[in-house]
Each structure stands twice: as C-alpha cells, then as structure tokens.
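Just the heavy atoms: all of them, side chains too, but no hydrogens, waters or symmetry mates, feed the values below. Just so you know, residue 1 is the first one in the sequence shown, and it goes up from there.
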Amino acid sequence: STDDTVDTSSATTVEEGSFYEATIRRTTDGVPHILAADLKGAFFGQGYASAQDHGCSLADQLIRIEGRRAEFFGAGENNRYLDSDFAWRSIGIDEIARADYETADPQIVEEFEAFAAGWNQFLEDNTDLTGWCAGEPCSLVPRIPNGRRSASRWYSSYGIPAASASAAAASSMPVLL
C-alpha cells in the first residue's frame, strides 16, 4: 500500500514575474498536486512539476520531434539518432503543429504558453536535471522558444488531455491538478 497523503508542510510556490503563480504540494510518495488561482497558473505549475519529475524525458521529446537528437547525442549506435531524426522530420509533426497552432483556440494557446513558461522557469531555477540524464546541466536543455510552438509540438506528439484542468476551470474554485 502507498501513502498518498498530501504533505502540506513542504509546499513550493513558483512564479514567473506577476504573470503566473502556482503552489506545488506533493504527497508523501512525491505525486504533485498543483494549486493555482486560475487555469494559466495550473498549467504553469504543471510545466514546472513535469520538468522536476520528467525533465530528461521532456527534453528528449522536444529534440526528438524536432528531428535533432543526432545534434545532441551524435549519430548513435548504428545511426540510431540519425535515423530517428530523419523519421521524425519525414512525419512532419513540427510543421503540422505550427500550422495547427495558427488556428488553435486562444484558450489552448494560453495553456501551451503557461505550460512552457513553467518548463522554462524550472530550467532557470535549477542547475541540473534528475532522471535518466541526471547531472546534465540545465543550460544544455532546450528552452521552449517563446513558450509557444515547441509546447504545441510536444503536446501534439503525446496528445496530452487537459480535461481535469478544463473541468476545474468551469467552476469558481481554485484549480487543483
């Protein structure tokens, strides 16, 4: 059995200027619970907590869908990363997401930007990542440019739903993810 009690004594409040703010509380097993005054803050907190917990995988996903793994890791054994780059570029996720972004609902764009701001804020606040690439300096990790299109490409490649946050936004209660 796991203990999923939220540890309120170790809440972390993160912010980017006066634009985004979220409080991240974790259960005793480390599961993040994000509290924010609005949906933008919740997505910002989700981006920050995702970078804390999955920074290596998120960074790899960003460079993968851009077809740039060989740039960071070399060609790889048996051209693994080079082949991956050619495959992702041929699929065209980057171009599809750029086109989709131009016609996306403004609320979706706002959510992408907030998530990206949280990711970028984590990279600004920390020197190293944790996970399978532990110890890699955050300075080598790609930022999400302008908070927009790269987040859209990442979301598009994974198809991450935001149903829980959207449902919370429909109420007058603070957003808790």
Show the nearest heavy-atom pair for residues Ala49 and Ile34, with the distance to one decimal. CB-CD1, 4.3 Å
Between OH of Tyr48 and CD1 of Ile24, what distance do you get to the nearest 0.5 Å? 7.0 Å
Separation between CD (Gln52) and CG (Asp125), nearest 0.5 Å, reads 9.5 Å
Between Val109 and Ala104 the two heavy atoms that sit nearest each other are CG2-CB, 3.8 Å
Hydrophobic cluster identity match, Ile91 and Leu82, side-chain contacts under 4.5 Å: no
Please tell me whether Phe115 and Phe43 form a close aromatic pair, meaning their ring centres lie under 6.0 Å apart. no
How close do Glu113 and Tyr101 get, counting heavy atoms only, and between which atoms? OE2-OH, 3.2 Å
Once rounded to the nearest 0.5 Å, what's the spacing between atom CZ of Phe73 and atom CZ of Arg68? 11.0 Å
Looking at Asn78, I'd like to know if its CG atom is crowded, meaning that more than 12 non-hydrogen atoms belonging to other residues, nucleotides or ligands lie closer than 6.0 Å. no
How close do Ala22 and Gly41 get, heavy atom to heavy atom, and via which atoms? CB-O, 3.3 Å
Measuring from Asp53:CG to Gln46:CD, what's the distance to the nearest 0.5 Å? 11.0 Å
Within this structure, what is the CD-CD distance for the pair Gln61 and Glu66, rounded to the nearest 0.5 Å? 10.5 Å
Side chains of Ser57 and Trp132: donor-acceptor distance under 3.5 Å anywhere? yes
To the nearest 0.5 Å, what is the distance between CG (Asp60) and CD1 (Ile65)? 10.5 Å
Locate the shortest heavy-atom distance separating Glu111 from Leu39; write the atom from each residue and the value. OE2-CD2, 3.1 Å
Linked, directly or transitively: Phe122 and Phe19 (ILVMFWY side chains, under 4.5 Å): yes
All heavy atoms of Tyr20 vs all of Ala114, minimum pair found to be CE2-CB, 3.4 Å
Keeping Asp105 on the side-chain end and Gln107 on the backbone end, is there a donor-acceptor pair under 3.5 Å? yes
Give the intermediate values and the outcome of side chain to side chain contact (heavy atoms under 4.5 Å, CB included) for residues Ile63 and Glu71. CA-CA 9 Å; Ile63 63 174; Glu71 178 183 331; over 6 Å; no
